[in-house]
Engineer: 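The structure that follows is given in the form of structure tokens.
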Amino acid sequence: MTDVNQSVASDFILVGLFSRSGSPQLLFFLVAVMFIMGLLGNTTLLFLICVDSRLHTPMYFLLGQLSLFDVGFPLVTIPKMASDFLQGEGSISFGGCAAQIFFLTLMGVAEGVLLALMSYDRYVAVCHPLQYSLLMRRPVCLLMVISSWLAGVLNACIQTSITLHFPYCASHTVDHFFCEVPALLKLSCADTSAYELALSSSGVLILVLPLSLIATSYGHVLGAVLRMRSEEARHKAITTCSSHITAVGLFYGAAVFMYMVPGAYHSPRQDNMVSLFYSLITPTLNPLIYSLRNREVWMALVKVLRRAGRKAK
């Protein structure tokens with residue numbers, strides 16, 4: 001009990017990402033630019049989805065929710081990391097560490113579930129286009145979003161409470177740029193092997209189930225595309241799905257390494273790079289992935305800019 005109280009009373013020290021770099025100022029600049037780009041891209045996409053009636057469709061409703069997660073992900077980690085670099089310190093309170101674990105786990109699991117459910121949306125759009133408005137009606141979309149949030153909250157509550165229940169009575173230096181479960185468990189003075197095994201097992205379950213839905217959905221989509229006789233219809237179907245497949249690859253590629261590969265095969269440097277990838281780079285790239293080849297988004301942006309130009313005159 002004394003050990004637990006000691007862990008609660010003490011701050012943790014985060015080893016910043018920039019301290020490992022030969023050019024910390026350059027890396028800080030690149031991270032700051034990506035952070036700003038990601039926030040601007042995702043908030044712009046959210047704004048366009050809200051104000052343009054042509055984007056009030058199931059696909060864009062789900063995409064707006066994805067953008068909301070991609071706004072939250074970097075906000076949990078990057079401002080704290082930048083503040084520590086500028087102030088020359090890296091301490092974080094026990095409560096602050098708990099908050100980072102909770103919100104990152106929540107948004108990570110919720111985004112993974114949402115990406116899987118979005119694959120069903122693409123399956124319906126390609127394989128059952130005439131029934132799309134019925135199968136993807138508003139209550140169904142709301143159920144998808146609520147399910148992703150509930151999965152995230154449930155997982156975050158369980159992981160945060162169990163992880164912070166362990167005593168941290170030795171070193172409080174977290175070899176990571178934010179509080180993440182695998183990095184924190186290495187500091188515990190209790191035996192965490194059983195929990196780490198359970199964490200890897202649950203990680204496999206949390207990743208494999210959504211990936212199975214994605215694989216099944218796109219298996220049907222591929223079959224439908226191969227049966228299409230029109231080259232134009234085939235191209236449209238591929239374009240419709242390519243953005244989502246790219247986003248899935250970016251997100252799940254990092255998640256599989258982080259939570260399905262046992263911790264013994266990770267190095268702190270690898271963990272930092274992978275965490276930076278899914279907490280900053282992926283959220284920054286997602287709005288670009290979904291908008292660069294999307295004519296509807298560009299038309300909505302042009303419409304908003306024209307309207308703003310008229311008001312300025």
Side-chain angles (χ1 to χ4, degrees), residues 42 45-46 49-50 55-73 103-159 202-225 237-256 258-260 278 282-283 285-287 289-291 294 296-297:
N42 283 296
L45 194 54
L46 268 170
I49 291 169
C50 289
L55 302 183
H56 292 173
T57 64
M59 185 185 83
Y60 288 108
F61 176 73
L62 298 175
L63 182 56
Q65 188 62 46
L66 181 67
S67 292
L68 190 61
F69 290 139
D70 285 342
V71 167
F73 244 125
F103 286 109
L104 284 170
T105 305
L106 187 162
M107 285 181 286
V109 172
E111 183 164 336
V113 171
L114 184 69
L115 283 169
L117 294 173
M118 287 173 75
S119 70
Y120 172 75
D121 169 73
R122 295 299 82 208
Y123 156 73
V124 175
V126 174
C127 299
H128 303 284
L130 298 179
Q131 296 176 283
Y132 183 78
S133 58
L134 176 65
L135 294 174
M136 291 301 297
R137 57 193 181 277
R138 188 75 173 180
V140 175
C141 294
L142 286 172
L143 182 62
M144 287 181 170
V145 170
I146 291 169
S147 299
S148 67
W149 275 99
L150 285 177
V153 169
L154 179 64
N155 196 271
C157 287
I158 294 171
Q159 284 201 25
S202 65
V204 169
L205 187 66
I206 290 167
L207 291 172
V208 166
L209 288 178
L211 283 172
S212 299
L213 176 58
I214 292 167
T216 302
S217 297
Y218 280 112
H220 287 292
V221 167
L222 180 61
V225 168
I238 292 171
T239 304
T240 299
C241 299
S242 60
S243 298
H244 181 254
I245 292 171
T246 305
V248 165
L250 289 173
F251 180 85
Y252 276 100
V256 165
M258 204 68 194
Y259 291 100
M260 287 181 69
Y278 75 73
T282 299
L285 292 178
N286 276 346
I289 291 167
Y290 277 100
S291 61
N294 194 314
E296 292 171 325
V297 172

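Not measured: the values here are computed from a predicted model.
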Engineer: Could you tell me whether the side chain of Asn42 reaches within less than 4.5 Å of the side chain of Phe73, counting heavy atoms only?
Structural biologist: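 Not in contact.
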Engineer: If I compare all heavy atoms of Val225 with all of Ala237, which pair ends up nearest, and what's the gap?
Structural biologist: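 Between these two residues, the closest heavy atoms are CG2-CB, 3.8 Å.
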Engineer: Kindly indicate whether the side chain of Trp149, heavy atoms from C-beta on, has any atom under 4.5 Å from the side chain of Phe69.
Structural biologist: yes
Engineer: What's the spacing between Tyr132 OH and Cys127 SG if we round to 0.5 Å?
Structural biologist: 12.5 Å
Engineer: Using the side-chain contact (heavy atoms from CB on, under 4.5 Å) definition, which of the options Leu106, Asn286, Leu68 pairs with Glu111?
Structural biologist: Asn286
Engineer: What distance separates Ile245 CD1 from Arg122 CZ, expressed to the nearest 0.5 Å?
Structural biologist: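 The CD1 atom of Ile245 sits 11.0 Å away from the CZ atom of Arg122.
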Engineer: Does the side chain of Tyr123 come within less than 4.5 Å of Thr216's, by heavy atoms?
Structural biologist: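 Side chain of Thr216 against side chain of Tyr123, heavy atoms only: no contact under 4.5 Å found.
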Engineer: Do you know which two heavy atoms are closest between Gly112 and Pro210, and how far apart they sit?
Structural biologist: O-CB, 4.1 Å
Engineer: Report the C-alpha distance between Phe61 and Val145 in whole Å, list the side-chain angles of each, state the deciding distance to 0.1 Å, and finish with yes or no for side chain to side chain contact (heavy atoms under 4.5 Å, CB included).
Structural biologist: CA-CA 9 Å; Phe61 176 73; Val145 170; 3.6 Å; yes
Engineer: Could you tell me whether the side chain of Leu250 reaches within less than 4.5 Å of the side chain of Ile289, counting heavy atoms only?
Structural biologist: yes
Engineer: CG/Leu142 to CD/Gln65 distance, rounded to the nearest 0.5 angstrom?
Structural biologist: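 Between Leu142 CG and Gln65 CD, I get 10.0 Å after rounding to 0.5 Å.
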Engineer: State which residues pass ring-ring contact (aromatic ring centres under 6.0 Å, His included) with Tyr218; sequence neighbours excluded, sorted by chain then number.
Structural biologist: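 Residues passing ring-ring contact (aromatic ring centres under 6.0 Å, His included) with Tyr218: His244.
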Engineer: Could you walk me through whether Met118 and Met144 pass side chain to side chain contact (heavy atoms under 4.5 Å, CB included), step by step?
Structural biologist: CA-CA 9 Å; Met118 287 173 75; Met144 287 181 170; over 6 Å; no
Engineer: Please give me the minimum heavy-atom distance between Ser67 and Leu45, naming the atom from each residue.
Structural biologist: OG-CD2, 3.4 Å
Engineer: Would you name the heavy atoms of Thr105 and Ala156 that are closest together and state the gap between them?
Structural biologist: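 Scanning both residues, the minimum pair turns out to be CG2-CA, 3.7 Å.
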Engineer: Could you check if a side-chain atom of Ser243 sits within less than 4.5 angstrom of a side-chain atom of Asn294, using non-hydrogen atoms only?
Structural biologist: no
Engineer: At their closest point, which heavy atom of Ser119 faces which heavy atom of Ile214, and how far apart are they?
Structural biologist: OG-CA, 3.6 Å
Engineer: Provide the closest heavy-atom pair for Tyr290 versus Leu66 in the form atom of the first, atom of the second, distance.
Structural biologist: CE1-CD2, 3.8 Å
Engineer: Taking it one step at a time, do Val208 and Ser212 satisfy side chain to side chain contact (heavy atoms under 4.5 Å, CB included)?
Structural biologist: CA-CA 6 Å; Val208 166; Ser212 299; 3.8 Å; yes
Engineer: Between Gln131 and Val124, is there a side-chain heavy-atom distance shorter than 4.5 Å?
Structural biologist: no
Engineer: Do Leu213 and Leu209 make a side-chain contact, defined as non-hydrogen atoms from C-beta onward lying under 4.5 Å apart?
Structural biologist: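 The answer is no; the side chains never approach within 4.5 Å.
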Engineer: Could you go through Leu117 and Leu62, starting from their C-alpha distance and side-chain angles, then the distance that decides it, and tell me whether this counts as side chain to side chain contact (heavy atoms under 4.5 Å, CB included)?
Structural biologist: CA-CA 9 Å; Leu117 294 173; Leu62 298 175; 5.8 Å; no
Engineer: Nearest 0.5 Å, please: how far is CG in Leu211 from CD1 in Ile206?
Structural biologist: 12.0 Å
